[in-house]
Amino acid sequence: MAKRIDITNVSSYYGKFEAVSDVSLRIEPNAVTAFIGPSGCGKSTLLRTLNRMHEVVPGTSVTGEILLDGENIYDDTVDPVNVRRTIGMVFQRPNPFPTMSIYENVAAGIRLDARRMPKSELDGLVERSLQAANLWNEVKDRLKKPGASLSGGQQQRLCIARAIAVEPAVLLMDEPCSSLDPISTLAIEDLIDELKNNYTIVIVTHNMQQAARVSDTTAFFNLAGIGQPGRLIESAPTALIFSTPGQKATEDYISGRFG
Amino acid sequence: MTKLGAGVPDSIQGSVVRRGDLVFRRLAKGAGLAVLVVLAAIAGFLVWRSVPGLRANTANFLTSTAWFPDQSPSRFGIAAIAFGTVVTAALALLIAVPIGFGVALFIAFYAPPKLATALGFIVDLLAAVPSIIFGLWGLQVLMPHLGGLQRWLNDHLGFIPIFHNSLGIYTKSLFVAAVVLGVMVLPTVSAISREIFLKVPHSNVEAALALGATRWETMRMAVLPFSRPGMISAAMLGLGRALGETIAVALILSALNVVNWHVTEPGGNTFAANIALGWNEAGPIGLSALIASGLVLFVLTLVVNVVARSIIWRRAEFHEGL
Amino acid sequence: MTTLTLATGHLQGRRLPRAAAPATALVAAALAVLLGQISPVSGVAGTTCVAVVLFFAGYTALSFAVEGSRHAIDRLASTLIYASFLAALVPLVWILSTVLVRGGRVLSAGFLGHSMRGIGADATGGGVYHALVGTIEQVLLATVIAVPIGVLTAIYLVEYGRHSKLSKAIGFFVDVMTGVPSIIAGLFVYSAFIVSLGFQRTGLAGALALSILMIPVVVRSTEEMLKIVPSELREAAYALGVPKWRTILRVVIPTAIGGITTGVMLAIARISGETAPLLLTTFLSQSINFNPTSGPQASIPTFVWDQIGSATHPALDRAWAGALVLILFVAVLYTTARLIAWVTGGARR
């Protein structure tokens, strides 16, 4: 059940340092939104504020409002554990739990909520999640093997399977292909295209071709200089932003003149 | 005037290894070997010097509870002191291991990172307190305070044999010694497990949080399984310390060589305490007998330490391979 | 197809207000005091224990009722983890404050300036001077023996023997040696030097035993310090044609000297409180003996041991004062070590 995210006047801080300033943006359900921009522009920080992972680092803070289908995820009555459960995340480097098997990795999140789920039901869920992550055929005969025994690209798809096994509404991806080879990258990109049928997807990438290939909407972030906060410069349908960018800075970045 | 290049040797040939290097290298290697030699010499001399006592012994060294090596005929055995050593060390671990892991988790994951180093330093201070001071404190300050607890254990849990106390005296017991040992072992367990916890990949902690795990679920999912071997060896190194601790135990126990499961009753003795307390009154055979018991303690702690260190070393190589 | 029974999409979660923890603590404390009036568990220690148990139970139950089982378990775990840290502080504060108070009553210039010669166990007066002399000499001797061996071993492990089987074996057994009980070092020195070679029980014999305990600590700390010397420094020296041994002595060691000194000071602090090995090797003595190579020599730890053994009031007072002197001795070493580390920036611990 994909959900819409409405970001209004959001700023994220590390201590006193403002990493992202005053972002307002709508993220549509069943679509892929890409965050692009030079390093330090705050795109990853903004991504982490969307599922309240930003506050895991001590001393951080967020102002503004983020609505998930109209519900403010920073409301006092909201449990951050439920937010992260509803908004899944895939990280830059594949990070399967090294002590767990492939099966246990996928089941890890499910077991938190439903400790006494019948084995058959759990088996079905693990299989469906691995199928949805396009990994089932490669691992179905070795589910008991450690997750770390897979190749980098397979590990990243395992992490995607782990994230979607708890049936989130949104999937956040923080440069999910940056440590992968081109073939694995292609597999993940195909997967993203399939996943948007069921989820809202936000992907941070430093690779503009990737943004052009996978996303429906692109948001470009930039910073005025070192020590300055990152800002949202513009956001538009991907086809539009790559053909006729509205801002000079976007055009410079996309055409490779800086960044 | 010196010509430029006058210092350049005519040829780059020369002995392949310079003499200075050779001497220094051998010196360094010799020092390293000395460490191994010392360990071997400890074993060698203890074996050699325990022979006269073991020859004179008319009792079974392993099963006798008597300790009268200087009587004739000489009779001594380690059953009672081995019992006391193992019981106090085990009880000490029951106290030190859970609290030590708790302290390590607190410093590694729960405390504010800015304070963590300072808080860790404070706990490490406990390791810097000399054992004679633990003994003095245990004997003079803690022991009177533990009377009530031991009485309560007897009154309410006395049906469990180890808490039963038929004497009504609650001083100088194995229980008191074990509590002091527990406090002494605590910094060992917490310092080593803290280092193990700090090696847990941060990305796994984040992965667990992002799945919607609570903080404790994150520990169970990403931290504890990864750290299990290290935690086991931290507990074992604590065990090694508890087995060999001398002075604090010697001051607290009444040095009665008996096997008594009622740990809150006075009496009981350990390898190390028996040596410290018996040393100055022992005759030649008595000294040899004490050395023989020391040899057993040495082997015991050596085995515990070798196993614990092997786990850590294998783990370290595994990390380098990652 | 089975559908997930999980509660998807409910961001709201009933959470306990911030005031819940202190409020529960207050209620638990009040209940414990009340219970203390009617039950056999009373006194400060008993009431505290009851209050703590009541707090754990009450807080967890409250969380379970409001937030559900997952958060209740999380809160219980957090409470236990915080509590274990506080529990570890209790003995530290308790011991240090007792030593300060009871030792401070007796400690005086006279205590530091006099020996125990001619002072009976029942008499007041006397002091720790002879023991201070002994401890300083024994610790210095042990340092003179242990530091060259320890530092050279570390140099072998880091500079020469890297990845060789021998250096792995040495490194492993150095770790194992840190776990050898201190009394074993005393037994070894006794059986090797006193029985087998016919030496007396002297301060030197005690220093030998202490050096065995000190070597592994020096090796480990020096090794850590040598490892963080950047290899570019070594390569720069090699490129200038400086032989390896001179590079180590002139470049590597001076770079790491701050950290090495800190490690040595901490090792000294560790051994200066050792009692068991000295009991077996130096004997007890009530008189001043400046010569560590002849005759029994006192030390602060064995002085405290001796006074506890006498068990009279004046003797126990002296024991506490001796304990305070020992703590101060160790504290000075610790502080100096940290200062050196701080000034040179050579150690990050």
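In the text below, chain A, chain B and the rest are named by the order of the sequence lines, each starting its count at 1. In what follows, every heavy atom counts, from backbone to side chain, and hydrogens, waters and symmetry copies are set aside. Values in this document were obtained by computation on a predicted structure and should not be read as measured data.
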ask   = Would A:Met100 and B:Met221 satisfy side chain to side chain contact (heavy atoms under 4.5 Å, CB included), going step by step from the backbone distance to the final call?
value = CA-CA 9 Å; A:Met100 295 186 191; B:Met221 196 185 271; 3.6 Å; yes
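More than 12 heavy atoms of other residues, nucleotides or ligands lie within 6.0 Å of NZ in A:Lys196, so this atom counts as buried by the packing criterion. Around CG of A:Asp76, the count of heavy atoms belonging to other residues, nucleotides or ligands within 6.0 Å does not exceed 12.
Using a 4.5 Å cut-off between heavy atoms, A:Ala163 contacts chain B through its backbone alone, with no side-chain atom that close. When heavy atoms are compared at a cutoff of 4.5 Å, B:Pro225 approaches chain A by way of both its backbone and its side chain. With a 4.5 Å cut-off on non-hydrogen atoms, A:Leu172 does not touch chain B at all. Contact of A:Pro94 with chain B is not made at all, since no heavy-atom distance falls under 4.5 Å. Residue A:Phe97 touches chain B through both its backbone and its side chain, counting heavy-atom pairs closer than 4.5 Å.
Atoms CD and CD, from B:Glu206 and A:Gln92 in turn, are 11.0 Å apart once rounded to the nearest 0.5 Å. Taking CZ of A:Arg85 as the reference point, atom CG of B:Leu211 lies at 9.5 Å (rounded to 0.5 Å).
Not counting sequence neighbours, the partners of B:Ile95 by the side chain to side chain contact (heavy atoms under 4.5 Å, CB included) test are B:Ile99, B:Val179.
Minimum interatomic distance between A:Phe91 and B:Ala207 (heavy atoms only, all atoms of both residues): CE1-CA, 3.8 Å. Closest of all the heavy-atom pairs between A:Asn95 and B:Asn204 is O-OD1, 3.2 Å.
Considering A:Arg52, A:Met89, A:Met53 as possible partners of B:Leu209, the one that fulfils the side-chain contact (heavy atoms from CB on, under 4.5 Å) test is A:Met53.
Listed by sequence position, A:Val56, A:Pro58 are the residues of residues 55-65 of chain A in contact with chain B, using a 4.5 angstrom heavy-atom cutoff.
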